Number of protein chains: 2
Amino acid sequence: MKSTIKDVAQEAGVSVATVSLVVHDNDRISSDTKKKVHRAIKLLNYHPSRSARGLVSKKTGNIGFILTDDHFLRTEPFYTRIFLGTEFQARTNEYYILLTTIASDYKKEDPLPRFILEQNVDGIIIAGKVPCDLVENLKEYNLPLVFVDFLPFKGQYPTIQIDNLKGGYIATEHLINYGHRNIGFIAGDIKHPSIYERFQGYKNALEEIGIRTNDKFYVIDEDYPARANGYEAASKLYKRNRNITAIFAANDALAIGAMQFYKDNDIKIPDDISIIGFDDVEVDLLIDPSLSTIHVPKIELGAEAMQLMLNILKNNSTTAKKILVPVELIVRKSTKKI
Amino acid sequence: MKSTIKDVAQEAGVSVATVSLVVHDNDRISSDTKKKVHRAIKLLNYHPSRSARGLVSKKTGNIGFILTDDHFLRTEPFYTRIFLGTEFQARTNEYYILLTTIASDYKKEDPLPRFILEQNVDGIIIAGKVPCDLVENLKEYNLPLVFVDFLPFKGQYPTIQIDNLKGGYIATEHLINYGHRNIGFIAGDIKHPSIYERFQGYKNALEEIGIRTNDKFYVIDEDYPARANGYEAASKLYKRNRNITAIFAANDALAIGAMQFYKDNDIKIPDDISIIGFDDVEVDLLIDPSLSTIHVPKIELGAEAMQLMLNILKNNSTTAKKILVPVELIVRKSTKKI
DNA sequence: TTATTTTAGTAAAACGTTTAACCTGGGGCC
DNA sequence: GGCCCCAGGTTAAACGTTTTACTAAAATAA
C-alpha cells in the first residue's frame with residue numbers, strides 16, 4: 001500500500017539517497033538512473049511523507065492563514081473569498097493552507113495559534129485588521145509574514161492591498177459626474193486604515209472640484225460596518241443634513257443598511273438619493289435597486305498574497321513589497337444622474 | 001527558541017521517554033515527576049513537533065475536507081459555512097482542516113488529493129455530492145470517511161444530513177396552510193439525493209390532503225441550481241400552467257431567480273404568487289420581498305460532521321451512523337395567505 | 001530473611017526523509 | 001605510468017518523537 005523511499009530504492013536498485021536526489025531533481029544523478037527511479041516511483045505510487053520530510057528539512061509545506069473571528073463570521077463572503085484565492089494558489093503550488101482565527105481583542109498574553117507553536121507552518125498570511133499584539137508576538141518566531149487588506153502601523157511588511165484611495169476617489173467622481181454636489185459619506189471604524197483611505201479618496205475627489213466637506217456630510221463613528229449600522233448612519237445623516245443627494249458608503253453592507261432606511265422613509269433610490277457602496281460582495285445584484293459599487297477582486301487578492309509568500313519562500317527575500325490591486329467602478333441601478 | 005523534548009528532559013532532569021509519557025498523561029509516572037516535567041514544559045514553552053509525532057505515530061492531526069470545485073465557487077456561502085463549522089470544531093479539538101477541491105467530473109484515473117497520497121490526513125470529510133469514482137478510489141486508503149449533505153449510493157458510510165424530506169414537507173405544508181392548492185415545484189438536478197428528498201416531502205404533503213401532482217406542476221430538469229435556472233424554470237412553468245399560486249423552490253438561488261422572472265412579468269409577490277425557498281442562505285433577508293424559506297443550520301452541519309469524525313477516530317469505530325439535522329420553517333414576506 | 005511482585009522510570013529502536021561527507025572507477029594530463 | 005579530477009553515486013547521521021522492552025528500587029509475601 002503506502003510505499004516508502006526504501007521500497008523505491010529497492011525496486012530501482014539504487015540507494016535511498018539516490019531516490020531522494022532524483023525526487024529533488026539533483027543534477028548529480030545521470031538521466032539513466034533518473035529514468036529508472038521515476039519508473040519505480042510510478043510503479044509503486046510513491047509519495048514522500050510530509051512528516052518525515054518536515055522533520056528533517058524544517059519545511060512543512062503549510063501556510064497559516066489568520067484572521068479575526070468576527071471577520072471570519074461576517075455574513076458577506078469577503079474574507080472567505082480571499083481565503084479561497086489563497087487556497088487555490090497554494091494548492092497549485094503544492095502547499096496547504098491552515099486556517100485559524102484569533103479573537104479580535106487578542107492580547108499579548110494570549111496564546112498564539114497552535115500551528116505556530118508546533119512549528120507547523122512555513123509562513124503566515126494575515127487577512128484583515130488584526131491586533132498589534134498578535135504581530136508583536138509573532139515576531140520572535142520570525143516566520144515570513146504577508147498581510148492582505150491590512151498593514152500594521154509599525155514595522156515593514158510585505159502586503160497586498162486594495163487601492164482604497166483610488167476606489168474612494170472614483171466612487172465619488174462617479175457621483176460628481178452624475179451631477180451630485182452634496183455627497184455624504186458613511187463608514188464604520190474610520191480608524192481602520194482601509195476605511196480611512198477610502199475616506200481620503202472621497203475628500204480628494206471633492207476638493208479637486210473645490211468642495212470642502214465637513215461633518216455635516218459624514219457619519220464615521222459607527223462601530224461596526226454592518227447593515228444595522230448603515231441604517232443608523234443614514235438616519236443620523238438625514239437628521240443633520242437634508243441637502244444630500246448622494247451617499248458613498250465605505251462598504252456594501254453599510255450601503256444596503258442605508259438603502260433600507262431610505263425605503264422605510266419613503267425616499268426613493270435612485271430618484272431622491274443616489275447611493276454607491278464598496279467591495280462588490282455577492283449580494284449586490286440581488287438587492288433592489290441593484291447597488292452601484294466599487295468592485296474588489298477578492299479571489300485575486302488572496303491569490304496574490306499567496307504568490308507573494310511563495311516568492312519570499314523561494315528567494316528567502318524579505319522585501320517589504322507593497323502591492324496594490326486595482327479596483328473598478330461598477331455602475332448599477334442605485335446611482336442616477338441629476 | 002524552539003525547544004525540543006530533549007531540552008525539557010534535561011531541564012526536568014528526566015529522560016525524554018518520561019517527558020513523552022507525561023505529555024500523554026501516562027499513569028506510570030508519579031505525580032511528583034509530572035509536576036517537575038510540566039514546570040519545565042511551561043518554562044521552555046515546549047510544544048511537540050507535529051512532524052516528528054506524525055512520523056512515528058502515523059497520526060497527522062489533520063482532517064481532509066473535500067468538495068467539488070463548483071460547490072466551492074458557488075456564490076452563496078453554503079458549503080463555505082459548513083466548512084467554517086468543521087474548522088471550528090476541529091480547532092477546539094486540536095485538529096487542522098486541510099481543504100481541497102476536486103473536479104466535479106472526477107474520473108477513476110484522476111489523481112487523488114495530494115493530502116491523501118502523502119498520508120497527510122487521519123480522516124476525510126466529504127461535503128456535498130461528489131462523483132462515485134472518487135469514493136471508489138478513496139477506498140483502498142481506508143481512511144475514515146464522513147459525508148455531509150450527501151451519501152453515496154453504494155456502500156455504508158457515516159453521514160450528516162439535512163432532514164430534506166421533512167423540510168420539503170413543512171415548506172409545502174406552510175403553503176397549504178396559507179390556502180394554496182396549486183403548488184409548483186422547481187429544482188435543479190433532481191438526481192441529487194437531497195433534492196429528490198425535498199421533492200418527496202413536497203409530494204407527501206400534497207398527497208396527504210389528497211392532491212396528486214403531475215409534471216404540469218414541476219420543472220425538475222434544470223441542470224444547475226443557480227439563479228438563472230430559477231428564472232428559466234419559472235418561465236417554463238408559467239407557460240405550462242397558469243393556475244399555480246405558490247412555488248416551492250428546491251433552494252434559495254432558484255427561488256430568487258424565479259422571483260426575478262415574476263417581477264419582470266409584472267406578477268406580484270406575494271400577492272399574485274407565493275414563493276418559498278430552501279437553505280436560508282445569507283442573502284434571503286436582503287431581497288425584496290424577503291424570502292420565506294427552510295432554514296438549514298450550516299455551521300452546525302459542519303461541526304456535527306467533525307464531531308462524528310472525532311468519535312470515529314477516538315473509538316476506532318466505523319459505525320455507519322446517519323445523523324439527520326433538523327430544519328426550520330422561516331416565514332418572511334414572500335408567502336401570503338389567500 | 002529471601003523471593004516475588006509492583007512501581008517508576010530509562011535505553012534504544014523505529015518512523016521516512018535529507019544531506020554532508022565519503023567513496024570508486026575511469027579518463028585526461030604531464 | 002603516476003597523479004589528479006570528476007561524474008555518479010553511496011553511507012550514515014540527523015531530525016524529534018513514540019513505544020517496547022528492560023531495570024533498579026521499593027513493597028509485599030512467604
Side-chain angles (χ1 to χ4, degrees), chain A residues 1-38 40-41 44-62 94 114-122 313, chain B residues 1-38 40-41 44-62 94 114-122 313:
Chain A
M1 181 98 307
K2 52 179 168 182
S3 44
T4 76
I5 198 171
K6 266 188 204 158
D7 304 325
V8 176
Q10 190 163 25
E11 173 70 32
V14 296
S15 72
V16 299
T18 304
V19 175
S20 178
L21 292 172
V22 170
V23 167
H24 291 87
D25 202 23
N26 190 303
D27 43 3
R28 201 133 42 100
I29 308 296
S30 73
S31 60
D32 274 10
T33 310
K34 278 187 184 174
K35 247 174 232 160
K36 259 194 326 195
V37 172
H38 278 132
I41 287 177
L44 299 179
N45 190 28
Y46 166 70
H47 292 267
S49 141
R50 270 281 159 193
S51 298
R53 231 178 210 192
L55 186 54
V56 33
S57 73
K58 305 306 198 195
K59 296 284 159 227
T60 63
N62 299 329
E94 314 238 303
R114 205 164 39 88
F115 55 56
I116 295 166
L117 301 173
E118 289 175 345
Q119 323 270 317
N120 203 11
V121 291
D122 300 340
L313 253 27
Chain B
M1 181 99 302
K2 52 179 167 182
S3 44
T4 76
I5 198 171
K6 264 186 206 158
D7 304 325
V8 176
Q10 191 164 22
E11 173 70 31
V14 296
S15 72
V16 299
T18 304
V19 175
S20 178
L21 292 173
V22 170
V23 168
H24 291 87
D25 201 23
N26 189 303
D27 43 4
R28 200 132 43 98
I29 308 296
S30 74
S31 59
D32 274 8
T33 310
K34 278 187 184 175
K35 248 174 233 161
K36 261 194 326 195
V37 172
H38 278 132
I41 287 177
L44 299 179
N45 190 27
Y46 166 71
H47 292 266
S49 140
R50 271 280 158 192
S51 299
R53 229 176 212 193
L55 185 55
V56 32
S57 73
K58 306 303 196 200
K59 296 285 161 228
T60 63
N62 299 329
E94 313 240 302
R114 207 163 39 86
F115 56 56
I116 295 166
L117 302 173
E118 289 176 344
Q119 323 269 317
N120 202 12
V121 290
D122 300 339
L313 252 27

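All values derive from a computational prediction rather than experimental measurement. Naming convention: chains lettered A, B, ... in sequence-line order (proteins, then strands); numbering from 1 in each chain.
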Quiz prompt | Proximity to DNA chain D (any heavy atom under 4.0 Å), residues of residues 28-38 of chain B only | solution = B/Arg28
Self-check item: Listed partners of A/Asp25 passing side chain to side chain donor-acceptor pair (under 3.5 Å), at least two apart
Solution: A/Lys34
Practice problem: Strictly below 4.0 Å, heavy-atom distances to any atom of DNA chain C: list the hits from residues 18-27 of chain B, or just say none. | Solution: B/Thr18, B/Leu21
Self-check item: Residue pairs, two or more places apart or on separate chains, that pass salt bridge (charged side-chain N to carboxylate O under 4.0 Å, His left out) and touch residues 44-55 of chain A
Solution: A/Arg50-B/Glu118
Check: residues 5-12 of chain B side-chain donor-acceptor pairs under 3.5 Å, at least two apart:
unit_1: B/Asp7; atom_1: OD2; unit_2: B/Thr4; atom_2: N; d: 2.8

Quiz item: Under a criterion of less than 4.0 angstrom to any heavy atom of chain B, what are the 5'-terminal and 3'-terminal contacting nucleotides of DNA chain C?
Solution: C/dA8 to C/dG16
Quiz item: Which residues satisfy the side chain to side chain donor-acceptor pair (under 3.5 Å) test with A/Asp27, sequence neighbours excluded?
Solution: none
Exercise. Look up atom OG in B/Ser31 and atom NE2 in B/His38, then write down how far apart they are to the nearest 0.5 Å.
Key: 11.0 Å
Practice problem: Could you list the residues that satisfy side-chain contact (heavy atoms from CB on, under 4.5 Å) with B/Ser51, not counting sequence neighbours? | Solution: A/Leu55, B/Ser49
Practice problem: Return the 5'-most residue of the pair A/Ala17, A/Ser57 with respect to DNA chain D, ranking by each residue's nearest nucleotide. | Solution: A/Ala17
Quiz item: With sequence neighbours excluded, what pairs up with A/Ser57 under the side chain to side chain donor-acceptor pair (under 3.5 Å) test?
Solution: none
Quiz item: Do B/Val23 and B/Ile41 come within less than 4.5 Å of each other through their side chains, counting heavy atoms only?
Solution: yes
Quiz item: Taking five pairs at each end, how big is the angle between the two axes of the helix from C/dT1-D/dA30 to C/dC30-D/dG1, to 10°?
Solution: 50°
Quiz prompt | Any residue meeting side chain to side chain donor-acceptor pair (under 3.5 Å) with A/Ser15, in chain and number order, not counting sequence neighbours | solution = A/Thr18
